[in-house]
Protein chains: 2
Amino acid sequence: MVQSSKKIQVVPEPTIRRMPSYLAFAEGLLRKGQQFVSSTQIANYMNIDPTQVTKDLSYTAIVGKTRVGYEVKALVEVLSEFLGFTVMDNAFLVGAGSLGSALLHDSGLSHFGLNIVAAFDVNSSTIGKKINDIEVFHIDQFRDLSQEMNVIMGIITVPAENAQTVADLMVAWGIKAIWNFTPARIKVPDDIIVQNTTLYSNLAIIFNKLHNDRKETR
Amino acid sequence: MVQSSKKIQVVPEPTIRRMPSYLAFAEGLLRKGQQFVSSTQIANYMNIDPTQVTKDLSYTAIVGKTRVGYEVKALVEVLSEFLGFTVMDNAFLVGAGSLGSALLHDSGLSHFGLNIVAAFDVNSSTIGKKINDIEVFHIDQFRDLSQEMNVIMGIITVPAENAQTVADLMVAWGIKAIWNFTPARIKVPDDIIVQNTTLYSNLAIIFNKLHNDRKETR
DNA sequence: TTTCATTAAAGAAAAATTCCTTTAATGATT
DNA sequence: AATCATTAAAGGAATTTTTCTTTAATGAAA
Ligand SMILES: NC(=O)c1ccc[n+]([C@@H]2O[C@H](COP(=O)([O-])OP(=O)(O)OC[C@H]3O[C@@H](n4cnc5c(N)ncnc54)[C@H](O)[C@@H]3O)[C@@H](O)[C@H]2O)c1
Ligand SMILES: NC(=O)c1ccc[n+]([C@@H]2O[C@H](COP(=O)([O-])OP(=O)(O)OC[C@H]3O[C@@H](n4cnc5c(N)ncnc54)[C@H](O)[C@@H]3O)[C@@H](O)[C@H]2O)c1
């Protein structure tokens, strides 16, 4: 079948999912001063097949050296670049509750290219406060701020029943991607990217394995 | 090919991943008083193919009625049961920092069958406190408590560099499954179930789509 | 210098997953 | 009562992803 625009994204999603872990591993090796790392080593760390690693890495610019492996420093650079972690993207977070606060606290996000510039809520007890130096505004101020700052991503951490309302708001003010942490599935125009992160799916997988006495890592 | 022990887990992992969202949707309909729901409706909500829904649901006990769909009440019950959300499992959480606290606050977990009975940390400023009625102990008290309580799962929310230490501890005290929120990949015996939940993978997927001007939901 | 073992890379095969097609059932409409 | 349209279910095709196999390169060891 001829696919015109779909051919753009050739990198399999599972590959992209694994890459941040490759990166984290490589960064660790870099700190320890290791110069080269083989696909076998990475595969062993990840509990996957070595050819999976080479295939995944073949999507990036890096080339390995036979009998030696990949240069750790180059690997870190190439993966960071490839994953878009080197350019900072600005984001708004809506719902500065338990999960929202945790994300605001997470320095890992800024390390991986995401800069949360402001948070929003409706609860007067949190509005006006600063969480990890990020101010919490009332949701009504959303408009003014999104214009000023160059914000392309919205993070939704409100209760599930309010997810759609918040999503609509985000779309209205020109946000391009939404990271949705609620179990609710939101409806947005086709050109808006939505990434649903449902923690409970992971729970379901664990329970399934537990009840079937299985022993996989993945 | 003949598969002896591997045949036990016949349910595809992607199916299990989708099920909690079906459940959340069905629960919403139940609250609204809707009696039946068709695969088309569910698929529309999830932005997937309707046959995917029927195939997924075919792994459970529920049978749909032609021209009507699935009974919402039965669907909720069957999915909850199937996903193991009806039996409560006890868990320990180690690392009562930002993310750990968020999880301790999350009532969704107990709704989905996970009961965090105690938290552990090394930071004296949090030890002794209660987060959402769950007490934070010093990590050294881990042993005594895991014996007393019937704890089968360990949740790791410490900094990545301490993940392995904590995992070793959890294994030593008989925990059967580990839910690992750090980007580090931990090494455990084969019979221990590990579920890695790396939020940064989701970030990588968003960035990839953003940079390729794609427009998928998934 | 020669042999050996380890490795990346590429391509093929296998497996898993999704998507499509067909069939039969049945509530709603006429 | 007859027709129509919607739906679940089952099977198979297509696609995607993983795993296996082969090849060539090269550092280390003999
Ligand atoms: N806490 C967790 O660890 C966790 C885990 C998995 C999923 N989640 C999901 O994340 C979401 C949030 O969970 P939480 O535990 O942080 O809940 P929470 O109640 O602690 O926080 C929600 C926040 O959103 C705010 N809010 C509500 N409606 C709003 C609106 N329309 N606009 C702006 N702000 C609004 C509330 O004032 C509150 O501060 C839920 O959907 C939950 O299922 C949370
Ligand atoms: N905060 C987030 O939203 C977020 C998002 C994605 C991933 N993560 C990951 O989750 C992990 C924790 O992140 P965080 O933001 O909660 O960090 P944090 O620093 O807020 O919390 C870590 C906690 O672990 C405790 N700790 C450290 N070593 C310990 C040990 N050996 N035993 C027991 N407790 C110990 C610390 O005292 C601290 O309270 C990190 O690996 C991070 O990458 C966090």
Side-chain angles (χ1 to χ4, degrees), chain A residues 1-3 6-19 21-22 26 34-72 74-75 78-79 201 205 208 214 216-218, chain B residues 1-4 6-19 21-22 26 34-72 74-75 78 201 205 208 214 216-218:
Chain A
M1 195 200 288
V2 185
Q3 287 176 321
K6 223 174 186 181
K7 195 77 191 179
I8 300 171
Q9 194 220 38
V10 273
V11 188
E13 201 169 293
T15 294
I16 297 172
R17 277 222 175 81
R18 284 184 292 267
M19 282 180 171
S21 297
Y22 298 162
Q34 188 173 319
Q35 217 178 345
F36 287 93
V37 61
S38 71
S39 61
T40 318
Q41 260 187 293
I42 301 174
N44 192 46
Y45 169 75
M46 296 278 294
N47 279 313
I48 58 173
D49 197 281
T51 58
Q52 182 80 81
V53 176
T54 55
K55 186 149 282 185
D56 285 346
L57 292 181
S58 74
Y59 290 104
T60 72
I62 205 164
V63 278
K65 258 177 104 178
T66 302
R67 213 23 253 222
V68 173
Y70 304 90
E71 205 205 325
V72 175
L75 190 59
V78 163
L79 280 175
S201 292
I205 293 170
N208 179 257
R214 286 291 282 11
E216 209 70 24
T217 307
R218 198 178 168 130
Chain B
M1 192 200 288
V2 185
Q3 288 176 322
S4 48
K6 224 174 186 181
K7 196 74 191 181
I8 299 170
Q9 194 221 34
V10 274
V11 188
E13 200 168 295
T15 294
I16 297 171
R17 277 221 176 82
R18 285 184 291 267
M19 282 178 171
S21 298
Y22 298 161
Q34 188 173 320
Q35 216 179 346
F36 288 93
V37 61
S38 72
S39 61
T40 317
Q41 260 188 294
I42 301 174
N44 192 44
Y45 170 74
M46 297 279 292
N47 279 312
I48 58 174
D49 197 281
T51 57
Q52 183 79 80
V53 176
T54 54
K55 187 151 281 184
D56 285 347
L57 293 181
S58 74
Y59 291 104
T60 71
I62 204 163
V63 280
K65 257 177 107 178
T66 301
R67 219 15 264 206
V68 173
Y70 304 91
E71 204 204 327
V72 175
L75 191 59
V78 162
S201 293
I205 293 170
N208 178 258
R214 285 294 280 10
E216 209 71 24
T217 308
R218 202 186 165 119

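Residue numbers begin at 1 in each chain, while the letters A, B, ... track the order of the sequences.
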Exercise. Is Gln34(B) atom CD crowded by more than 12 heavy atoms from other residues, nucleotides or ligands, each under 6.0 Å away?
Worked result: yes

Seminar exercise, completed: Of all heavy-atom pairs linking Val78(B) and Ala61(B), the shortest is CG1-N, 3.9 Å

For this session: Show your working on side-chain contact (heavy atoms from CB on, under 4.5 Å) between Tyr22(B) and Thr15(B) and close with a plain yes or no.
Result: CA-CA 10 Å; Tyr22(B) 298 161; Thr15(B) 294; over 6 Å; no

Seminar exercise, completed: Atom CG of Asn47(B) and atom C1' of dT18(C) are separated, to the nearest Å, by 15 Å

Seminar exercise, completed: In whole angstroms, the gap separating P of dT15(D) from CD1 of Ile48(B) amounts to 19 Å

Seminar exercise, completed: To the nearest angstrom, the CZ-P distance between Phe36(A) and dT6(C) comes to 19 Å

For this session: Could you tell me which non-hydrogen atom of Ile62(A) sits nearest to which non-hydrogen atom of Glu71(A), and how far apart they are?
Result: CD1-O, 4.1 Å

Seminar exercise, completed: Glu71(A) atom CD is separated from dT7(C) atom C1', nearest whole Å, by 16 Å

Seminar exercise, completed: When every non-hydrogen atom of Met46(B) is compared with those of Ser21(B), the smallest separation belongs to SD-CB, 3.5 Å

Problem set entry | Value in whole Å for how far the C1' atom of dT16(D) lies from CD of Glu13(B) | 16 Å

Seminar exercise, completed: note: Ile16(A), atom CD1; dT18(D), atom P; distance rounded to Å ~ 12 Å

Exercise. Is there side-chain contact between Leu57(A) and Leu75(A), with at least one heavy-atom pair below 4.5 Å?
Worked result: yes

For this session: Calculate the interatomic distance between Asp49(B) atom CG and dT18(C) atom C1'; express it in whole Å.
Result: 8 Å

Exercise. Under 4.0 angstrom, heavy atoms only, what part of the nucleic acid is Thr40(A) near: base, sugar-phosphate, or nothing?
Worked result: sugar-phosphate

Exercise. Contacts to DNA chain C from residues 50-62 of chain B, heavy-atom cutoff under 4.0 Å, which residues?
Worked result: Thr51(B), Gln52(B), Lys55(B)

Find every protein N or O atom lying less than 3.5 Å from an N or O atom of nucleotides 27-30 of chain C, and list the pairs.
residue : atom : partner  : partner atom : Å
dG27(C) : N2   : Arg67(B) : NH1          : 2.6
dG27(C) : N3   : Arg67(B) : NH1          : 3.3

For this session: For Arg18(B) and Ile48(B), run side-chain contact (heavy atoms from CB on, under 4.5 Å): C-alpha distance rounded to whole Å, both residues' side-chain angles, the deciding distance at 0.1 Å, then the answer.
Result: CA-CA 10 Å; Arg18(B) 285 184 291 267; Ile48(B) 58 174; 3.9 Å; yes

Problem set entry | Contact summary for Phe36(A) and Gly69(A), nearest pair of heavy atoms | CD2-O, 4.2 Å

Exercise. Do you know which two heavy atoms are closest between Ser39(B) and Pro50(B), and how far apart they sit?
Worked result: CB-O, 3.9 Å

Exercise. 5'-most contact on DNA chain D: Gly64(B) or Arg18(A), nearest heavy atom basis?
Worked result: Gly64(B)

